[in-house]
2 protein chains.
Amino acid sequence: MARTQGSHAGITGPRIRDAALRLFAEHGFAAVSMRQIASTVGLQAGALYNYTPDKQALLFSLMKEHMDDLLGDLAHLPSHDSPLARLEAFVRFHIAFHLERPELVFIAYMELRNLTPENFAVIEGLRRDYENALERILSDGVASGSFDVPDTKLATLAVIAMLTGVTTWYRPDGRLSIPEVQNLYWDMVRKSVSA
Amino acid sequence: MARTQGSHAGITGPRIRDAALRLFAEHGFAAVSMRQIASTVGLQAGALYNYTPDKQALLFSLMKEHMDDLLGDLAHLPSHDSPLARLEAFVRFHIAFHLERPELVFIAYMELRNLTPENFAVIEGLRRDYENALERILSDGVASGSFDVPDTKLATLAVIAMLTGVTTWYRPDGRLSIPEVQNLYWDMVRKSVSA
DNA sequence: TCAATATCTGAACAGACGTTCAGATCAACC
DNA sequence: GGTTGATCTGAACGTCTGTTCAGATATTGA
């Protein structure tokens, strides 16, 4: 028997994903060629096809893994505290998670229209799951009387849009630290849903 | 002398812009070809160059006009009312304006990276002007004691992100009317900045 | 009716695109 | 050391890209 695994496969694969991630985020999926990705990694374009069946699968793989990470980490938040405590945990988590991987956030948001219909449906379903987690918190808070939210569906989308927007302006060397950003957003969210 | 204006120029020009608008919004600037735009209008690709010097100018023209409209309409809002009244007017205006032209909003937001650096600087400057108008309202409210906003810059971006998000889910035949949407968002914004 | 000119076609340009594949290269196991 | 198979190159494929332009067509003012 020969080797069971290629010498570079364990390294080249992630490097390709990383290069694709950066290039897609900077120029957009449609504007990036397989040759650019290969060149960034130091390969010829043909070699990429040892790691992905095609360009579309590369995009989908990045987005799917991102959503799985998001939902996986979300599941670790305490789920039996008060709605207010759970909302605060959600807000702080959402900001920290998104600020840790701005390129992935950008791609998962901007490149939805470049997915095939089947792939789009998968990502959209995961996104819906995430939104539902927040809506559950808001509904529970309304039921217990701690929140005043006339329309939990709209409030869910409003809060997520507001929080995700942080990735468009936050800079690690900027005026505010992540905890400060979390505090400021949490202050606004808390008041916006307060009874 | 011959005719001073071409027979179709007054019609073809807007039709090209309209087709480009729709196609850019649906597939993205980089994924749309000049031949697709021409075909939508019923022309050959070469004819487009009677109306735009190149593809980039077509994109910039759409975005520039959009931002000019936005700032032009914004200027008509009352500017001497109380900060609370001005904030309410801003919120309702922003939602109505954006829901009236979802494709332009989408393009102006998603295709920034496909602008040349010079064109990007122009659009970014106009965007900054718009944000400054909101920040002024918040600052005035803080000064007069009617708002409690620890960081007006962050709050500005947070409110705009929240409001602009409406374009991602609102549907004219959906559950909520535009006035209902305006009321719900205004309720959240008002509380989030309240003293 | 005729000349002037705005508008458009259709072909061409040089290059880039995603993808395939035969053959070269290389590392790991026997 | 030889064999196996993973990995990669380099060329090729058919097609598409933005843009240009000579010539055809259409429309108007004189």
Side-chain angles (χ1 to χ4, degrees), chain A residues 1-21 23-24 26-63 107 111 113-119, chain B residues 1-21 23-24 26-63 107 111 113-119:
Chain A
M1 257 219 297
R3 65 182 171 193
T4 55
Q5 203 180 28
S7 57
H8 295 150
I11 295 176
T12 306
R15 290 224 298 151
I16 290 172
R17 292 171 59 82
D18 196 61
L21 167 66
L23 289 170
F24 289 166
E26 185 173 354
H27 303 109
F29 174 76
V32 172
S33 70
M34 294 300 267
R35 284 173 181 82
Q36 283 175 60
I37 298 171
S39 158
T40 300
V41 184
L43 294 175
Q44 296 299 315
L48 299 182
Y49 292 84
N50 289 323
Y51 300 90
T52 182
D54 52 34
K55 194 186 175 191
Q56 164 76 203
L58 188 51
L59 174 64
F60 176 67
S61 157
L62 288 170
M63 293 178 64
I107 290 174
E111 305 298 352
R113 60 186 167 189
N114 285 309
L115 292 174
T116 61
E118 305 78 31
N119 287 344
Chain B
M1 257 224 295
R3 65 184 171 190
T4 55
Q5 201 179 32
S7 57
H8 294 150
I11 296 177
T12 305
R15 291 224 297 150
I16 289 172
R17 292 172 59 83
D18 196 61
L21 167 66
L23 289 169
F24 288 166
E26 186 173 353
H27 307 292
F29 174 76
V32 172
S33 71
M34 295 299 267
R35 284 171 180 82
Q36 282 176 59
I37 298 171
S39 157
T40 301
V41 184
L43 295 176
Q44 296 298 315
L48 298 183
Y49 291 83
N50 289 322
Y51 300 90
T52 182
D54 52 35
K55 194 187 175 191
Q56 164 76 202
L58 189 51
L59 173 63
F60 176 66
S61 156
L62 288 170
M63 293 177 66
I107 290 173
E111 306 296 353
R113 61 184 166 192
N114 285 310
L115 293 174
T116 62
E118 304 78 32
N119 287 343

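Labels below follow one simple rule: chain letters A, B, ... track the order of the sequence lines, proteins then strands, and each chain is numbered from 1.
In this structure, CD of Gln44(A) is placed 19 Å from P of dG23(C), rounded to the nearest angstrom. Rounding to whole angstrom units, CD1 of residue Ile11(A) and P of dA27(C) are separated by 12 Å. dT17(D) atom P lies 13 Å from atom CG of Leu48(B), rounded to whole Å. Between Ile37(B) atom CD1 and dC16(D) atom C1' there is a gap of 15 Å when expressed in whole angstrom units. Taking atom NE2 on His27(B) and atom P on dC16(D), their separation rounds to 15 Å, with Å as the unit. When the C1' atom of dC8(D) is taken as reference, atom CD1 of Ile16(A) falls 11 Å away, rounded to whole Å. Taking atom CG of Asn50(A) as the reference point, atom C1' of dC8(D) lies 7 Å away to the nearest angstrom.
Taking the side chain as every heavy atom from C-beta outward, Leu59(B) and Ile107(B) approach each other to under 4.5 Å. A 4.5 Å side-chain heavy-atom check between Thr52(B) and Ile16(B) finds every atom pair outside the cut-off. Side-chain atoms of Thr40(A) and Asp18(A), non-hydrogen and from C-beta on, never get closer than 4.5 Å to each other. Taking the side chain as every heavy atom from C-beta outward, Tyr49(B) and Met34(B) approach each other to under 4.5 Å. A 4.5 Å side-chain heavy-atom check between Tyr51(A) and Arg17(A) finds every atom pair outside the cut-off.
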If the sugar-phosphate is the primed atoms plus P, OP1 and OP2 and the base is the rest, what is the B/S/- string for nucleotides 12-17 of chain C, using protein heavy atoms under 4.0 Å?
B----B

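Closest contact between the side chain of Tyr51(A) and the listed nucleotides dT7(D), dT19(D), dT9(D) involves dT7(D). Here dC8(C) is the nucleotide among dT9(D), dC8(C), dG10(C) with the atom lying nearest to any side-chain atom of Leu43(B).
Using a distance-only test at 3.5 Å, with no hydrogens or angles considered, no donor-acceptor pair links the side chain of Gln44(B) to the main chain of Ala38(B).
Taking only side-chain nitrogens and oxygens, Thr12(B) never comes nearer than 4.0 Å to OP1 or OP2 of dT7(C).
Nearest-nucleotide mapping onto DNA chain C: of Gln56(A) and Gly42(B), the residue sitting toward the 5' end is Gly42(B).
Remark: Asp54(B) engages no residue in a salt bridge (Lys or Arg N to Asp or Glu O under 4.0 Å) (not counting sequence neighbours).
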